[in-house]
Amino acid sequence: MAGSDTDARASADGGAPDTVKILIAGGFGVGKTTMVGSVSEIRPLRTEEPLTMAGLDVDDLDGVEEKRVTTVAMDFGRITVSDDLVLYLFGTPGQQRFWFMWNDLALNALGAVVLVDVRRPKSSFAAIDFFERRGIPFVVAVNGFHGEHPYPVEDIREALTLPAEVPVLLCDARERESSRDVLIALIDLLIAQAAAATG
């Protein structure tokens, strides 16, 4: 995989590479900031702030009691997939009080990754609904906390009531190659849908 600024600015034919905006979404504490940071070839932009006592009544820490910081606006990163394709990654905030920002972040996005924590699957329903309602293609990536994946893909698909055409992948958001494979699966989905639409 290319990773230099030169690669990002010039494709094989000497022109600028295509750029694609991708959202990394999901519930509170599912690993969005971690995924953007693990795969970005540049130092990611993060807008994390410490969790405070004032937020105890509005932030649901059930299952993520060890969490100490949270994204309040967005995460941003970049990955060069090939000489002629660069992905710009925008991680969404997870808490409900920041969801109003999702509409702006989704502008001109071609696709999305919905991260899921199987310990708290309901936390990702809102993200799935968001992209389904807007017709934005997405893949579901099940983040294996502590490197564990206790449930098979089909059980997860059924629990989330996902249609067969939505890819479901197991991943570890801490690992660059795992996060990269999720993004490649999304690009493959976008290419397949574009081919079907023109075919």
Does any non-hydrogen side-chain atom of [Y] lie less than 4.5 Å from one of [X]?
X: V86; Y: I79; answer: no
X: D84; Y: D18; answer: no
X: V140; Y: L169; answer: no

ask   = Checking side chain to side chain contact (heavy atoms under 4.5 Å, CB included) for the pair V142/L170: CA distance, chi angles, key distance, verdict?
value = CA-CA 5 Å; V142 182; L170 303 179; 3.9 Å; yes
To the nearest 0.5 angstrom, please state how far the [atom1] atom of [X] sits from the [atom2] atom of [Y].
X: S40; Y: R176; atom1: OG; atom2: CZ; result: 8.0 Å
X: L87; Y: T19; atom1: CG; atom2: OG1; result: 9.5 Å
X: L115; Y: T33; atom1: CG; atom2: OG1; result: 10.0 Å

message = Between L89 and V39, is the side chain to side chain contact (heavy atoms under 4.5 Å, CB included) condition met? List the steps.
response = CA-CA 10 Å; L89 310 176; V39 78; 3.4 Å; yes
request  = Without swapping roles, check the side chain of W102 against the backbone of P93 for a donor-acceptor pair under 3.5 Å.
outcome  =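 The answer is yes, because a donor-acceptor pair under 3.5 Å joins these two groups.
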Check: F28 main-chain N/O paired with R120 side-chain donor or acceptor under 3.5 Å =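 It does hold such a pair.
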Quick one: closest heavy-atom pair of [X] and [Y], and the distance?
X: L186; Y: F138; result: CD1-CA, 4.2 Å
X: F76; Y: I42; result: CE2-CD1, 4.1 Å
X: N143; Y: G31; result: ND2-CA, 3.9 Å
X: S179; Y: S38; result: OG-OG, 3.0 Å
X: A112; Y: I136; result: N-CG2, 4.4 Å
X: V36; Y: G77; result: CG1-N, 3.8 Å

Mind listing the side-chain donor-acceptor pairs of residues 152-165 below 3.5 Å, one per line with the distance, residues two or more places apart or on another chain?
{"unit_1": "R157", "atom_1": "NH1", "unit_2": "P163", "atom_2": "O", "d": "2.7"}
{"unit_1": "R157", "atom_1": "NH1", "unit_2": "V166", "atom_2": "O", "d": "2.8"}
{"unit_1": "R157", "atom_1": "NH2", "unit_2": "V166", "atom_2": "O", "d": "3.1"}

Side-chain donor-acceptor pairs under 3.5 Å in residues 20-27, sequence neighbours left out?
{"unit_1": "K21", "atom_1": "NZ", "unit_2": "L105", "atom_2": "O", "d": "2.7"}
{"unit_1": "K21", "atom_1": "NZ", "unit_2": "L107", "atom_2": "O", "d": "2.8"}

Y151 atom OH, neighbour heavy-atom count above 12 within 6.0 Å =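 Result for OH/Y151: open.
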request  = For atom CD of E177, decide whether the heavy atoms of other residues, nucleotides or ligands shown that lie under 6.0 angstrom number more than 12.
outcome  =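 Counting neighbours around CD of E177, 12 or fewer heavy atoms of other residues, nucleotides or ligands fall under 6.0 Å, so no.
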Could you list the residues that satisfy side chain to side chain donor-acceptor pair (under 3.5 Å) with [X], not counting sequence neighbours?
X: R133; result: D129
X: N108; result: none
X: D172; result: R174

inquiry  = Checking L183 against V113 for the side chain to side chain contact (heavy atoms under 4.5 Å, CB included) test, could you report, in this order, the C-alpha distance in whole Å, the side-chain angles of both residues, the deciding distance, and whether it holds?
reply    = CA-CA 8 Å; L183 295 171; V113 173; 4.1 Å; yes
inquiry  = For S123 and V30: C-alpha separation, side-chain torsions, deciding distance, then whether side chain to side chain contact (heavy atoms under 4.5 Å, CB included) applies.
reply    = CA-CA 8 Å; S123 69; V30 296; 3.8 Å; yes
query = Distance under 6.0 Å and angle within 45° of the ring axis: does R134 meet both against F130?
reply =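 Yes, a cation-pi geometry holds between R134 and F130.
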Between side-chain atoms of residues 190-199 and protein atoms elsewhere (two or more places apart, or another chain), which donor-acceptor pairs fall under 3.5 Å?
{"unit_1": "T198", "atom_1": "OG1", "unit_2": "A194", "atom_2": "O", "d": "3.1"}
{"unit_1": "T198", "atom_1": "OG1", "unit_2": "A195", "atom_2": "O", "d": "3.3"}

key: Polar contact flag, side-chain donor to acceptor under 3.5 angstrom, T80-E41   =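 Yes, side-chain donor-acceptor contact under 3.5 Å.
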